[in-house]
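Computed from a predicted model, the values in this text were never measured in an experiment. Note on naming: letters A, B, ... go to the chains in the order of the sequence lines (proteins, then strands), and numbering restarts at 1 for each one.
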Amino acid sequence: MRMSKLFVSTLRDAPAGTDTVSAQLLTRAGYQRQLGSGIYSLLPFGERSARRIEQVLREEMEAIDCYELSMPFVQPSDLWKETARWDRVGPEMIRLQDRSERDMVLAPTHEEVATDLVRRSVQSYRELPFSFFQIQTKFRDEPRPRGGLLRCREFTMKDAYSFSLDRDDFLRIYREFHRAYLRIFARFDLPVVVVEASGGYMGSDISLQFTYESEIGEDTLLISPNGNYSVNAEVATTTLEIPDEELLEMEEVATPDCKTIEDVAQFLDVPTSRTLKAMFFNVRDELVFVTIRGDREVSEEKLSELLSTDVLEFADADLIRASGAVPGYASPVGLTGVKVVADESARTPNLVAGANKVDYHLLNVNLGRDYEADVVADITQVRGGMPSPVDGAPLVESRGIEVGNIFSLGTTYSGPLNATYLDDEDREHTIIMGSYGIGVGRNLATIAEHHHDDAGLKWPLSVAPFDVHIVALGNDEAIQNEADNLYDALMAGGIDTLYDDRAASPGVKFADADLIGVPIRITVSSRSLQAGGAEIKRRDQDRDASVIVALDGVIEHVQTERQALLGNLESLAKEAEARTPTD
RNA sequence: CGGGGAGUGGCGCAGCCCGGCAGCGCGCCUCGUUCGGGACGAGGAGGUCGGAGGUUCAAAUCCUCUCUCCCCGACCA
């Protein structure tokens, strides 16, 4: 591409409100422009990088015999009503009507259509297992888009779906995707950690999340330094020691002005782990009274999962008082008609709890004796430093960007949609499904987060919009001609080349080259010609690490360099592959 | 949706408190000089001050309503 003909412009300053490094660089370097909140255009560079990402995705999917198809973005609502997601999925799904007032949706994901395709076609066990993928637009009306391409409302995603005979059959495919995913991120030279995650609204029982660790990430991870426990905080567990003590008699004590757990613990001189904390949630206007030991916090994710709701709000004082509880001095003791959810830790004997009376608490409150819970479950928010459930080692907390995931779907969709097959004895079985997602734009942005320096982007070859960036300096005709010839020759040699043929000063061209981040830069100038040819420098090398190559040797040199870079990425992929769990 | 912030030439910003000619840097155009790390000089173009209503002799500035965008929290690739 000749830059003089290319619709692109670089910016000195990123537009106001562009906060993340990736969004700043991608915008400044001319990869993307924002149209609205969470809605972006990809400019030529961005489109080319996205295609390279997609190319890797296609290769790795096909390598595990997962083949491409394409499903509609605008879909009739019928299938969504069949799986009940029409009602379950909230306003993140855009609903609209066609001219005949039929309900339609802009696809936020494609399980329904994928399952429908399969149920209409598959009849015999002989046809299973298989999987397919597409690279398609999705629209999710996210409550809060952020970070440029990191979290968009409209985005492109590679989503794959697998269809298996049974659980074991599914697990074989799941593992293949796991391996393919490790190869994919390795080929992007993007380090990821694999953590267990919750299925969320996909309705999954097991799932793994491929996460790039980053401060700007939205997910909280808890990882054991021993490498045997890596989870998303939403499903993290920790060990729980419940002392084996005799239950003591309950007793009311005055605790003036002790409204918080810390106040009470200090006043009574007991550790917070001997107190019972009360929390109140409003679930569809019903009060849910939650108890947890004073040294722990409630995980709202776990709680909403437990209550099968995605609307979880703190209850206001009126709703709390209506139950008879007294904010600041609340406990479920003596209350009736209130839904109580207790964390496992609330089983600890002889805790200090509120007396539902201002300035009073109760000593020796015991779950099961002094109050009953409707549900006792693990709803503890695990934090860094808490012991790993595997070996007790303190967990390390970090943040991360989810760049891909793999889900077991079981029969969540095949059940309601009746996607079945007949086995060799004519018995009907429901197909076992999985789904596998990778966001193209999010990966582009995440790779930019990882591969940049102060001057700009620094792409791995697998993601760069071009292999080579020719910088022609000076408006000498001889130089122009040599650069033109070189450009033609590179293009003819199948090397994607960006040719800066603009009449701009050297400083501008070099600065833009650094900003755009193409891996190999070739400078043609009177100085380079005098030195014997063109100057070749890799973006990841220092300024003075360049070499002069005779003009007729440039293509060969570039091919060699390119092969070396691709070879490095392939070795990374091989290493990653070797790390795939085998059990 | 709750909390915080911002909308002024293409981009970054000042001006607003205290109403009175719409400014600065970068970019853009023309000419000349430059030409290996965002050149220099001279001249120039470009703005419904997010929108609507109001107050006033007079509104970017004050008031009301509204739209949009960003950041922090609940969702996810």
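- Whole-Å rounding puts the A/Glu218 CD to B/rC76 P distance at 11 Å.
- Atom name P, nucleotides B/rG50 and B/rA45: the rounded distance is 24 Å, in whole Å.
- Across the interface with RNA chain B, nearest-nucleotide mapping of A/Pro15 and A/Pro145 shows A/Pro15 to be the residue nearer the 5′ end.
- Atom P of B/rU34 sits at a distance of 15 Å from the matching atom of B/rC40, rounded to the whole Å.
- In this structure, the nucleotide among B/rC70, B/rG12, B/rA77 sitting nearest to the side chain of A/Glu402 is B/rA77.
- Atom name C1', nucleotides B/rC49 and B/rC16: the rounded distance is 11 Å, in whole Å.
- The aromatic rings of A/Tyr436 and A/Phe177 lie parallel to each other, their planes meeting at an angle below 30°, with 60° marking the opposite boundary.
- The same atom, C1', is picked in B/rA59 and in B/rG20; the two are 10 Å apart, to the nearest Å.
- Contact annotation: A/Ser37 reaches the phosphate of B/rC70 (side-chain N/O to OP1 or OP2, under 4.0 Å).
- Of the candidate nucleotides B/rC76, B/rG73, B/rA77, B/rC76 has the atom nearest to the side chain of A/Arg151.
- In this structure, CZ on A/Arg399 lies 8.0 Å from CD on A/Glu215, to the nearest 0.5 angstrom.
- Across all strands shown, A/Glu142 has heavy atoms under 4.0 Å from base atoms, whether or not it also approaches the sugar-phosphate.
- Going from the P atom of B/rG25 to that of B/rA42 covers 12 Å, rounded to whole Å.
- Nucleotide B/rA60: unpaired (no Watson-Crick or G-U wobble partner with both distances less than 3.5 Å).
- Between the CD atom of A/Glu111 and the C1' atom of B/rC76 there is a distance of 12 Å, given to the nearest Å.
- B/rC65 and B/rG4 have their P atoms separated by 16 Å, with the value rounded to a whole Å.
- In this model, no side-chain donor or acceptor of A/Glu92 finds a partner on the base of B/rC76 within 3.5 Å.
- Closest approach to the A/Pro143 side chain among B/rC13, B/rA77, B/rA74 is made by B/rA74 (side chain taken as heavy atoms from C-beta onward).
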Practice problem: Do nucleotides 31-43 of chain B as a string where each nucleotide becomes B, S or -: B if the base has a protein heavy atom under 4.0 Å, S if just the sugar-phosphate does, - if no protein is that close. | Solution: ----BBBBS----
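- The distance between atom CG of A/Asp141 and atom C1' of B/rA77, rounded to the nearest whole Å, is 16 Å.
- With sequence neighbours left out, A/Arg2 forms a side chain to side chain contact (heavy atoms under 4.5 Å, CB included) with A/Ser4, A/Lys5, A/Asp484, A/Tyr487, A/Tyr499, A/Asp501.
- Comparing the C1' positions of B/rG47 and B/rC13 gives an interatomic distance of 15 Å, to the nearest angstrom.
- Atom CD in A/Gln381 sits about 13 Å away from atom P in B/rG73, given to the nearest Å.
- Shown here, B/rC76 forms no base pair; nothing in the strands shown gives a Watson-Crick or G-U wobble contact with both key distances under 3.5 Å.
- The nucleotide B/rG37 finds no pairing partner, because no Watson-Crick or G-U wobble arrangement with both distances shorter than 3.5 Å includes it.
- Figure legend. B/rC28 is base-paired to B/rG44; pairs are counted as Watson-Crick or G-U wobble with both atom distances under 3.5 Å.
- Residues passing the side chain to side chain contact (heavy atoms under 4.5 Å, CB included) test with A/Val549 are A/Ile536, A/Val547, A/Val554, A/His557, sequence neighbours excluded.
- By the salt bridge (charged side-chain N to carboxylate O under 4.0 Å, His left out) test, A/Glu68 pairs with A/Arg58, sequence neighbours left out.
- Taking the P atoms as reference points, B/rG15 lies 14 Å from B/rU8, given to the whole Å.
- If you check every strand for non-hydrogen atoms under 4.0 Å, A/Gly147 touches sugar and phosphate atoms only.
- In terms of phosphate contacts, A/Arg144 brings no side-chain nitrogen or oxygen within less than 4.0 Å of OP1 or OP2 of B/rA74.
- In this structure A/Asp453 satisfies the side-chain hydrogen bond (donor to acceptor under 3.5 Å, both in side chains) test together with A/Arg539, sequence neighbours excluded.
- One interatomic measurement links the two molecules: CD of A/Gln32 to C1' of B/rC69, which rounds to 15 Å at whole-angstrom precision.
- Remark: B/rG23 base-pairs with B/rC13. Criterion, Watson-Crick or G-U wobble with two distances under 3.5 Å.
- Each of A/Gly437 and A/Thr18 has a nearest nucleotide on RNA chain B; the 5'-most of these lies closest to A/Thr18.
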Pairs under 3.5 angstrom, nitrogen or oxygen only, protein versus nucleotides 44-50 of chain B, please.
none

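- Counting any heavy atom pair closer than 4.0 Å across all strands shown, A/Val403 reaches sugar-phosphate atoms only and no base atom.
- Inter-residue side-chain proximity for A/His110 and A/Tyr161 is flagged as met; some heavy-atom pair is nearer than 4.5 Å.
- Atom P of nucleotide B/rA77 and atom CD1 of A/Ile53 are separated by 17 Å, given to the nearest angstrom.
- Residues satisfying the side chain to side chain contact (heavy atoms under 4.5 Å, CB included) criterion with A/Arg153, sequence neighbours excluded, are A/Ser37, A/Ile39, A/Phe139, A/Asp141, A/Glu142, A/Pro145.
- Ring geometry for A/Tyr212 versus A/His450: interplanar angle over 60°, hence perpendicular rather than tilted (30 to 60°).
- Applying the Watson-Crick and G-U wobble criteria (two distances, each under 3.5 Å), B/rA6 pairs with B/rU68.
- Contact check, A/Gln34 against B/rC70: a side-chain N or O comes under 4.0 Å of OP1 or OP2.
- For A/Ala278, the side chain to side chain contact (heavy atoms under 4.5 Å, CB included) partners are A/Phe280, A/Phe289, A/Ala330, not counting sequence neighbours.
- Rounded to an integer number of Å, the gap from A/Glu301 CD to B/rC75 C1' is 10 Å.
- A distance of 10.0 Å separates CG in A/Leu473 from CG in A/Leu529, rounded to the nearest 0.5 Å.
- Nearest to the side chain of A/Arg140, among B/rC72, B/rG12, B/rA77, sits B/rA77.
- Distance, A/Leu303 CG to B/rC75 P: 11 Å, rounded to whole Å.
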Give the table of side-chain donor-acceptor pairs shorter than 3.5 Å for residues 516-525 of chain A, with sequence neighbours excluded, one pair per line with atom names and distance.
| residue | atom | partner | partner atom | Å |
| --- | --- | --- | --- | --- |
| A/Thr523 | OG1 | A/Glu535 | OE1 | 3.3 |
| A/Ser525 | OG | A/Arg527 | N | 3.4 |
| A/Ser525 | OG | A/Ser528 | N | 3.1 |

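- Side-chain atoms of A/Asn405 do not come within 3.5 Å of backbone N or O of A/Ile438 as any donor-acceptor pair.
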